[in-house]
Amino acid sequence: MLKRTRIVEILSSENLNGRFVVMGWVRTKRDSKGGFSFIEINDGSCIKNLQVIAAQGLSNYKDQVLKIQTGCSVKVEGILKPSPAKGQSVELHAEDITVFGWADPDVYPLQKKRHSFEFLRTIAHLRPRTNTFGAVARLRNALSCAIHTFFQERGFLYIHTPIITGSDCEGAGEMFRVTTLDLGNIPEKEGKTDFSRDFFGTAANLTVSGQLEAEIYALAMGDVYTFGPTFRAENSNTSRHLAEFWMIEPEMAFCDLEGDAALARDFLKYVFAYVLEHCPDDMAFFNQFIDSSVIETMEKLILQDFEYLTYSEGIRLLSESKEKFEFPVSWGVDLQSEHERYLCEKVFNKPIILVDYPKEIKAFYMKLNDDQKTVRAMDVLVPRIGEIIGGSQREDDYDLLVQRIKGANLNPDDYWWYLELRKFGSTPHAGFGLGFERLIQFVTGLTNIRDVIPFPRTPGNVSF
RNA sequence: UCCCCGGUAGCUCAGUCGGUAGAGCGGGUGGCUGUUAACCACUUGGUCGGCAGUUCGAGUCUGUCCCGGGGAGCCA
């Protein structure tokens with residue numbers, strides 16, 4: 001195939017008067033009847049466009065170049081020169097322009113103006129060609145890379161936990177059923193679906209969390225993490241929920257809640273510093289057009305200490321405050337996002353890690369404290385969005401875990417392998433979970449989660 | 001799933017008391033210019049979300065369904 005230079009390299013090149021070939025998609029074109037055209041090209045390598053000067057001396061100037069419009073794909077070969085005008089430092093003076101594909105302006109949906117995110121969601125096959133979604137794609141890539149690098153540098157093993165699970169008891173919401181049964185002719189046995197005739201010989205679902213399996217590997221390999229797709233069949237219609245999303249779940253053997261909290265803090269500081277360093281142009285774009293506070297918020301968070309306090313102390317601070325809350329506060333209630341934001345933004349004005357929640361409002365696998373009333377759970381709260389990470393030290397005592405499972409009206413038999421981890425060589429261990437898309441929302445300032453994943457799956461929508 | 005708001009030109013929206021449809025942008029044509037979401041003039045463009053109802057007459061009122069937005073619940 002043809003050799004090309006990416007625009008990101010050209011714009012950082014000092015090789016003026018050098019010859020380059022670029023290929024990309026036309027964002028906008030301005031004609032000068034004085035005898036040349038300005039064509040701005042974007043190839044996805046960076047948010048900036050390259051300005052091409054197309055003079056009328058080009059052999060196809062009249063029959064092709066003048067007809068180029070937003071959306072066309074082109075190859076341009078030319079000489080890079082300093083730009084005499086404001087707006088760009090360099091520009092490519094074309095010696096040859098080839099049009100790969102046209103984009104009929106009567107029907108091409110993208111115009112050289114701002115579109116609503118709602119409209120762009122209906123054309124998810126074209127929206128990565130816009131500034132915002134191009135920037136999101138690069139940022140999502142950089143954040144993925146930052147996450148892997150963070151864990152790899154610390155000796156964590158990347159574990160691939162299953163997408164399809166035989167357990168319907170992971171306890172984190174409604175699950176999608178996976179089946180090869182003929183839905184028009186479902187085999188039954190004693191009035192119920194006979195899953196013994198299904199593909200796996202039993203009912204199967206898409207995973208809602210890799211945590212329980214991650215614990216298996218943590219209790220053999222030490223420090224592990226998962227980073228993969230997760231599925232929830234909840235009928236949630238909000239700007240913060242997807243039916244298919246990506247989750248990061250580290251799990252550490254020989255680790256208590258304090259170690260877990262320290263990792264969560266270091267993790268956030270690391271990935272934020274990473275994107276500020278690696279994506280300055282895209283971050284500047286988000287800061288200018290999406291949310292003018294995103295860069296400052298991240299810079300502050302990198303430098304600040306995280307406040308560490310217990311749920312009970314948090315409740316006390318909320319009770320003593322003169323702030324009027326829509327939901328009243330008392331010991332034992334789950335905190336609403338207004339409470340979390342008050343503590344985070346008004347009381348401390350920095351990220352906080354809340355620990356030791358009442359056992360009644362947290363999951364069965366969290367380790368019981370000596371007070372018998374609270375568990376070793378933590379929520380990491382950050383300004384603007386509240387909870388960004390949830391984690392806990394896991395219950396490692398066999399008998400206590402059996403009690404907690406029964407107390408949650410679950411059947412210990414369904415958790416036989418999970419319980420055996422506590423029977424053979426059990427050890428203190430801890431971990432946390434982080435929704436990848438919510439992390440991207442925090443970094444970009446985008447308010448709707450459907451705009452930070454390439455192809456959002458939500459109730460009633462699996463297009464593309 | 002619940003509450004509130006919305007769906008009108010390719011896009012973003014206006015549309016009064018129920019009386020047969022408007023603007024900006026985009027597209028087209030012409031003009032002008034080392035331009036920057038260029039600019040100026042003219043022009044093009046509609047099953048008013050679907051179905052049913054009230055009415056002489058519905059974009060407008062009523063019912064219902066679909067879709068989107070904001071909030072809530074669930075949660076990541």
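These values consider heavy atoms only, across backbone and side chains, with no hydrogens, waters or symmetry-generated copies. Naming convention: chains lettered A, B, ... in sequence-line order (proteins, then strands); numbering from 1 in each chain.
Within the nucleic acid shown, A/His241 comes within 4.0 Å of at least one base atom, counting heavy atoms only. Among the atoms of the strands shown, none is found under 4.0 Å from any heavy atom of A/Glu387. Within the nucleic acid shown, A/Gln336 comes within 4.0 Å of sugar-phosphate atoms alone, with no base atom in reach, counting heavy atoms only. No engagement by A/Pro109 is indicated, since no non-hydrogen atom pair under 4.0 Å with the nucleic acid exists.
Distance from the side chain of A/Arg232 is smallest to B/C75 among B/C11, B/G27, B/C75. For A/Lys112, whose side chain is taken as the heavy atoms from C-beta onward, the closest listed nucleotide among B/G34, B/A72, B/A37 is B/A37. Between B/U36, B/G70, B/U12, one nucleotide has an atom nearer to the side chain of A/Thr447 than all others, and that is B/G70. Distances were taken from every side-chain heavy atom of A/Thr238 (C-beta onward) to each of B/G34, B/G73, B/G68; the shortest belongs to B/G73. Distances from the side chain of A/Ser239 to the nucleotides B/G28, B/G71, B/G34 place B/G71 closest.
Between the side chains of A/Tyr217 and A/Glu251, no donor N or O sits under 3.5 Å from an acceptor N or O. No side-chain donor-acceptor contact under 3.5 Å links A/Glu95 and A/His93.
A/Arg27 contributes a side-chain N or O that, together with a main-chain N or O of A/Arg129, makes up a donor-acceptor pair within less than 3.5 Å.
When the side-chain nitrogen and oxygen atoms of A/Ser236 are compared with OP1 and OP2 of B/C75, none of them lie within a distance under 4.0 Å. Contact annotation: A/Asn448 reaches the phosphate of B/G69 (side-chain N/O to OP1 or OP2, under 4.0 Å). The phosphate of B/A38 (OP1 or OP2) has a side-chain N or O of A/Arg30 nearer than 4.0 angstrom.
One can place CZ of A/Phe289 at 10 Å from C1' of B/A37, the figure rounded to the nearest angstrom. Per the geometry, CZ belonging to A/Phe38 stands 4 Å off C1' belonging to B/G34, to the nearest Å. Straight-line distance from the CD1 atom of A/Ile361 to the C1' atom of B/C74: 15 Å, rounded to whole Å. In this structure, NE2 of A/His115 is placed 11 Å from C1' of B/A37, rounded to the nearest angstrom.
Residues A/Phe150 and A/Phe156 place their aromatic rings such that the two centres sit no closer than 6.0 Å.
Side-chain contact between A/Arg232 and A/His241 is absent, with no heavy-atom pair separated by less than 4.5 Å.
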